[in-house]
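Beneath this line is the structure, given in structure tokens, with notes to follow.
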Amino acid sequence: MRFLPALTRVAALGAAAVLAATALTACGDNGGATSAAANPYGLLQAGVLRAGTLTDAPPNVYLKDGKFTGFDNDLLSAVAAKVGLKVEFVGTDFSALLSQVNNRKFDVGSSSITITEARKKTVDFGNGYDFGYFGLDVPAGSSITSFEQLAGKRVVVVQGTVQDDYATRENLNPVRVPDYNGAINQLKAGTADAWIAPAEIGDKSAADSNGKIKVAAKQLSPAPTAYAVAKGNDKLREALNKGLDEVIADGTWSKLQAQYYPGRPIPADFKPGSGAVAVPSPSAAS
């Protein structure tokens, strides 16, 4: 019977261990809850939206005087502010952007990304914030005036873009380059007959080329552009959609359209954001 006190002590120690483990688990749960509350969108850094973008695609996305700017990036900064976030922009290549977003190197992709079914397999998209045209840029003096004349020509595209998809679908056997500067340099050097580009970027590139490049044709792109987030990050996607509707309603979207695309007509059937918000005219938004 002398061993009973020892058993009692062992039992007491076991109970204490269970209570301690329970307390530690509870603390861990509270810590997790606190962390989730401080970072509800699962960002790489709480309160900061890390955005992958490009450096060389004006007026949509580009680097100027050390600052990332352009329609897409300025709009994203305004959208993020509506939901209490600051944006940190980081330059990358378009061909890598979507996989980097889904792998959580970036919280969001900002680069006039056209929504396609193929891309939906890699990332999730917010509501569309812009429409776009395909532009056809050619060297000065070229006889090319339409997309129908590209068969058999040396056509350059930026790898992974919807312009790349179009050229491939049309059996043009395109020359793929990693960035927009590469495409522009091929036209200037005469090593490409044409460049299929986002029209706004093509317009700006031609205007800045000192007469070496001209715009031959344009055609409306079939789908809107949107910000990309990692698959399953619904909280961030919904927050960005909410912020987008707010900057549409307060006139910011219209002001940026007028600033970056002056005179560009907006298709009658295009509704930015959820489509449920009235879009002020640029003059009314001023």
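Side-chain atoms are counted along with the backbone in the values below, which use heavy atoms only and exclude waters and symmetry mates.
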Treating Asp72 as the side-chain partner and Ser110 as the backbone partner, does any N or O pair qualify as donor plus acceptor under 3.5 Å? no
Ignoring hydrogens and angles, state whether a donor on the side chain of Gln45 or Asn39 is under 3.5 Å from an acceptor on the partner side chain. no
So Trp195 and Ser205, do their side chains get closer than 4.5 Å, heavy atoms only? yes
When you compare the side chains of Asn73 and Thr53, does any donor N or O come within less than 3.5 Å of an acceptor on the partner? yes
Heavy-atom side-chain proximity of Leu236 to Leu43 below 4.5 angstrom: yes
For residues Thr122 and Asn102, is any side-chain donor paired with an opposing acceptor at under 3.5 Å? no
So Ser111 and Leu97, side-chain contact (heavy atoms from CB on, under 4.5 Å) or not? Walk me through it. CA-CA 9 Å; Ser111 184; Leu97 178 57; 3.8 Å; yes
Can any side-chain N or O of Gln186 pair as donor or acceptor with the backbone N or O of Ala183 at less than 3.5 Å? no
Please examine the side chains of Thr69 and Phe89, heavy atoms only from C-beta on, and report whether any two atoms are closer than 4.5 Å. no
What pairs meet the ring-ring contact (aromatic ring centres under 6.0 Å, His included) rule with one or both residues in residues 261-280, with sequence neighbours excluded? Phe71-Tyr261, Phe131-Phe270
Charged N-O contact under 4.0 Å between Glu246 and Lys242: yes
Compare every heavy atom of Ala249 with every heavy atom of Pro280, then report the nearest pair and how far apart it is. CG-O, 3.7 Å
For Leu150 and Ala194 the tightest heavy-atom approach is CD2-CB, 3.8 Å
Side chain to side chain donor-acceptor pair (under 3.5 Å) filter on Ser142, not counting sequence neighbours, yields none
Can Leu49 and Lys86 be said to form a side-chain contact (heavy atoms from CB on, under 4.5 Å), step by step? CA-CA 6 Å; Leu49 189 66; Lys86 295 182 179 180; over 6 Å; no
Rounded to the nearest 0.5 angstrom, the CG-CG distance for Leu63 and Asp56 is 10.0 Å
Got a salt bridge between Lys231 and Asp124, using NZ or NE/NH1/NH2 to carboxylate O under 4.0 Å? yes
Can you check whether Glu88 reaches Leu44 side chain to side chain, under 4.5 Å on heavy atoms? no
For Pro58 against Lys204, the heavy-atom pair lying closest together: O-CB, 3.7 Å
Run the ring pair (Phe, Tyr, Trp, His ring centres under 6.0 Å) test against Tyr129 and tell me which residues pass, sequence neighbours left out. Tyr227
Flag for Ser274-Asp245: side-chain donor and acceptor within less than 3.5 Å: yes
Between the CG atom in Leu240 and the CZ atom in Arg237, the distance rounded to the nearest 0.5 Å is 9.5 Å
Residue pair Ile213, Ile184: steps toward the side-chain contact (heavy atoms from CB on, under 4.5 Å) verdict: CA-CA 8 Å; Ile213 299 172; Ile184 294 166; 3.9 Å; yes
Taking all atoms of both residues into account, what is the closest heavy-atom pair of Phe125 and Ile113, and its distance? CE2-CG2, 3.6 Å
Under a 4.5 Å side-chain heavy-atom rule over Ile, Leu, Val, Met, Phe, Trp and Tyr, are Tyr133 and Val156 clustered together? no
Test item: Asp193 side-chain N/O and Arg154 main-chain N/O as donor-acceptor pair under 3.5 Å: yes
Beyond-backbone contact of Asn60 with Ile201, side-chain heavy atoms, under 4.5 angstrom: yes
Contact between Gln100 and Asn103 at the side-chain level, heavy atoms closer than 4.5 Å - yes or no? no
Out of curiosity, Asn181 CG to Lys188 NZ, how far, rounded to the nearest 0.5 Å? 8.5 Å
Taking only Lys NZ, Arg NE, NH1 and NH2, and the carboxylate oxygens of Asp or Glu, determine whether Asp74 and Lys255 approach each other closer than 4.0 Å. no
For Arg176, which residues count as a side-chain contact (heavy atoms from CB on, under 4.5 Å) partner, sequence neighbours excluded? Val157, Gln159, Asp164, Thr168, Pro174
With a 3.5 Å distance limit and no angle check, can you tell me whether Asp107 reaches the backbone of Val229 through a side-chain donor-acceptor pair? no
Out of curiosity, does Tyr41 fall in the hydrophobic cluster containing Val87 (side-chain heavy atoms, cut-off under 4.5 Å, transitive links)? yes
Cluster question for you: counting only ILVMFWY and a side-chain heavy-atom cut-off of under 4.5 Å, with indirect links fine, are Val123 and Phe94 together? yes
Please list, one pair per line, the donor and acceptor atoms closer than 3.5 Å that link side chains of residues 215-224 to other protein atoms, with sequence neighbours excluded.
{"unit_1": "Lys218", "atom_1": "NZ", "unit_2": "Asp203", "atom_2": "OD1", "d": "3.4"}
{"unit_1": "Lys218", "atom_1": "NZ", "unit_2": "Asp203", "atom_2": "OD2", "d": "2.8"}

Give me each pair satisfying ring-ring contact (aromatic ring centres under 6.0 Å, His included) with a member in residues 152-172, each pair once, sequence neighbours excluded. Phe134-Tyr166, Phe147-Tyr166
If you compare all heavy atoms of Tyr62 against all heavy atoms of Gly70, which two are closest, and at what distance to 0.1 Å? CE2-CA, 3.6 Å
Does the side chain of Ser95 come under 3.5 Å of the side chain of Asp93 through a donor N or O and an acceptor N or O? no
How about Asp137 and Lys214: do any of their side-chain heavy atoms sit closer than 4.5 Å? no
Are Leu136 and Val155 in one and the same hydrophobic cluster, where Ile, Leu, Val, Met, Phe, Trp and Tyr link if side-chain heavy atoms are under 4.5 Å apart? yes
Are any non-hydrogen side-chain atoms of Pro198 and Gln163 less than 4.5 angstrom apart? yes
Under the side-chain contact (heavy atoms from CB on, under 4.5 Å) rule, what do Asp250 and Lys82 come out as? Steps first, then yes or no, please. CA-CA 11 Å; Asp250 72 12; Lys82 292 291 187 182; 2.8 Å; yes
Provide the closest heavy-atom pair for Gly273 versus Leu244 in the form atom of the first, atom of the second, distance. CA-CD2, 3.7 Å
Cluster overlap Val158 with Val101, hydrophobic side-chain contacts below 4.5 Å: yes
